[in-house]
Amino acid sequence: MPTLDFKIAAILKFSTLDYPGKLSAVVFSQGCPIRCVYCHNPDFQDYKKPATIDFDELLSFLEERKDLLDAVVFSGGEPLMQKDLYDAIFVVKQKGFLIGLHTAGTIPNKFEHVLPLLDWVGFDIKTDFEKYEKITKIPNSGKLALESFELLRNSGINFEIRTTVDSRNINSEDLVNIAKFLKAKDIKKWILQECIIRSSDKDLNIPLPDDNVLSDISKYVEIEFRRQ
């Protein structure tokens, strides 16, 4: 098999958190089309940066862990940027692993292409879709993410919706608007992730919403908190 055009920045060899209820490995791809103000993996943003791990090396690792791992989760960066994502997923799936994808969905045509191969998706909603540029710094990103959300909702694939709560850029009205949107789309549960701004000096933890805001949100959708 020829080497695939898939840039791997890092591999997390064991995780109990990245695919619900399964032990998984997480493949972090290099490159992301958006520039979120709170990005958790800024070193993975630049697509021009060379891969640090060969795809063949990933396959060798997975071959050794066949009896220990249930799933492989493609994360990033944004895995939808990878030219050979479909082929990479197909090869890994053929080895018997469940396939998860972490995505912000800002490349809907690529998302639609790989959806049939996926078993589970962790989908990031950044903020109210009309205000996406405030978080992503990229015009039209909200419209693209909404298109991918609808593809996912209609796919029949298991998924979860997550939002990193950067209270500097997402206010209580934004959160309530997202909750109302999710209720209208019959989404029962919403993951609110703690926002941590990482720097070489000191990490800054952004507080989660106060009880009044959480009470308002809970009228529309069940909330689960997740620490990074």
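- Under a 4.0 Å N-O distance rule, the pair Asp46/Lys48 does not qualify as a salt bridge.
- The neighbour count for Lys93 NZ, taken as heavy atoms of other residues, nucleotides or ligands under 6.0 Å away, is above 12.
- Of the possible polar contacts, none joining the Thr127 side chain to the Tyr132 backbone as a donor-acceptor pair under 3.5 Å is found.
- Between Gln82 atom CD and Ile89 atom CD1 the span is 10.5 Å, to the nearest 0.5 Å.
- Between Glu112 atom CD and Leu152 atom CG the span is 12.0 Å, to the nearest 0.5 Å.
- Looking at Asp119, its side chain does come within 3.5 Å of a backbone N or O of Ile99 through a donor-acceptor pair.
- Ion pairing between Arg153 and Asp186 fails under the 4.0 Å rule for side-chain N and carboxylate O.
- Linking Ile, Leu, Val, Met, Phe, Trp and Tyr whenever their side-chain heavy atoms come within less than 4.5 Å leaves Leu17 and Leu69 in two separate clusters.
- Gln30 places no side-chain N or O within 3.5 Å of a backbone atom of Gly77 that could act as its donor or acceptor partner.
- In the hydrophobic cluster analysis, where Ile, Leu, Val, Met, Phe, Trp and Tyr join through side-chain heavy atoms closer than 4.5 angstrom, Phe61 is grouped together with Leu59.
- Heavy atoms only, all atoms of each residue included: Leu58 and Ile53 are closest at N-CG2, 4.5 Å.
- Sorted by first then second residue, the ring pair (Phe, Tyr, Trp, His ring centres under 6.0 Å) pairs that include residues 66-86, not counting sequence neighbours, are Phe6-Phe74, Tyr86-His113.
- Here the side chain of Asp174 pairs a donor or acceptor atom with the backbone of Asn171 at under 3.5 angstrom.
- You'll find the side chain of Leu80 reaches within 4.5 Å of the side chain of Leu101, heavy atoms only.
- Glu173 has no carboxylate O lying under 4.0 Å from a charged side-chain N of Lys131, or vice versa, which leaves the two without a salt bridge.
- A distance of 11.0 Å separates CZ of Arg162 from CD of Glu224, quoted to the nearest 0.5 Å.
- Leu144 and Phe181 fall into different hydrophobic clusters, where Ile, Leu, Val, Met, Phe, Trp and Tyr residues are linked whenever their side-chain heavy atoms come under 4.5 Å apart, directly or through other members.
- Smallest separation of non-hydrogen atoms from Val73 and Asp18: CG2-O, 3.7 Å.
- The two residues Thr106 and Ser141 make their nearest non-hydrogen contact at CG2-O, 3.9 Å.
- By the rule that hydrophobic residues join a cluster once side-chain heavy atoms approach within less than 4.5 Å of another member, Ile191 and Leu175 end up as members of separate clusters.
- Summarising the geometry of Tyr38 relative to Cys195, their closest heavy-atom pair is CB-SG, 3.5 Å, with the distance given to 0.1 Å.
- Atom NZ of Lys95 has more than 12 neighbouring heavy atoms from other residues, nucleotides or ligands inside a 6.0 Å radius.
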Which is it for Glu78 and Thr103 under the side-chain hydrogen bond (donor to acceptor under 3.5 Å, both in side chains) test, yes or no, and what are the steps along the way? CA-CA 6 Å; Glu78 172 54 74; Thr103 183; 2.9 Å; yes
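- In this structure, Arg226 and Glu160 have side chains that are in contact, with non-hydrogen atoms separated by less than 4.5 Å.
- Between Val92 and Val27, every side-chain heavy-atom pair lies at or beyond the 4.5 Å cut-off.
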Are Ile187 and Phe159 close enough, and set up right, to give a side chain to side chain contact (heavy atoms under 4.5 Å, CB included), and what steps lead you there? CA-CA 10 Å; Ile187 306 301; Phe159 65 91; 3.6 Å; yes
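- Note: Leu146 CG to Leu151 CG = 10.0 Å, rounded to the nearest 0.5 Å.
- In plain terms, the two heavy atoms of Ser29 and Pro79 that are nearest each other are OG-CA, 3.2 Å.
- Looking at Asp166, its side chain does come within 3.5 Å of a backbone N or O of Arg168 through a donor-acceptor pair.
- Heavy-atom contacts from other residues, nucleotides or ligands closer than 6.0 Å to CD of Glu130 number 12 or fewer.
- Formation of a donor-acceptor pair under 3.5 Å by the Thr163 side chain with backbone atoms of Ile125 is found in this model.
- The closest donor-acceptor contact from the side chain of Ser215 to the backbone of Asn212 lies at 3.5 Å or more, if one exists at all.
- Here NE2 of His102 is found 4.0 Å from CH2 of Trp120. Values are rounded to the nearest 0.5 Å.
- The neighbour count for Glu150 CD, taken as heavy atoms of other residues, nucleotides or ligands under 6.0 Å away, is above 12.
- Note that CD of Glu147 and CZ of Phe111 are 11.0 Å apart. Values are rounded to the nearest 0.5 Å.
- Between Lys189 and Glu222, some side-chain heavy-atom pair lies under the 4.5 Å cut-off.
- Proximity of the aromatic rings of Phe44 and Phe28 is defined here by a centroid distance below 6.0 angstrom, and this criterion is met.
- The closest donor-acceptor contact from the side chain of Thr136 to the backbone of Ile138 lies under 3.5 Å.
- Annotation: side chain of Lys183 is not in contact with side chain of Val221 (no heavy-atom distance under 4.5 Å).
- In this structure the side chain of Ile135 reaches within 4.5 angstrom of the side chain of Ile170, judged on heavy atoms.
- Contact record, Ile34 with Ala104: CD1-CB, 4.0 Å, taken as the closest heavy-atom pair.
- Leu23 and Leu98 sit in two unconnected hydrophobic clusters of ILVMFWY residues. Membership requires side-chain heavy atoms under 4.5 Å apart, directly or through other members.
- Formation of a donor-acceptor pair under 3.5 Å by the Asn41 side chain with backbone atoms of Gly76 is found in this model.
- Ring planes of Phe129 and Phe149: tilted class, angle from 30 to 60°.
- For Phe90, the CZ atom is loosely surrounded, since the number of other residues' heavy atoms within 6.0 Å does not exceed 12.
- Put simply, the side chain of Trp190 reaches to within 4.5 Å of the side chain of Ile178, judged on heavy atoms.
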Could you walk me through whether Phe97 and Tyr19 pass ring pair (Phe, Tyr, Trp, His ring centres under 6.0 Å), step by step? CA-CA 12 Å; Phe97 295 100; Tyr19 190 119; over 10 Å; no
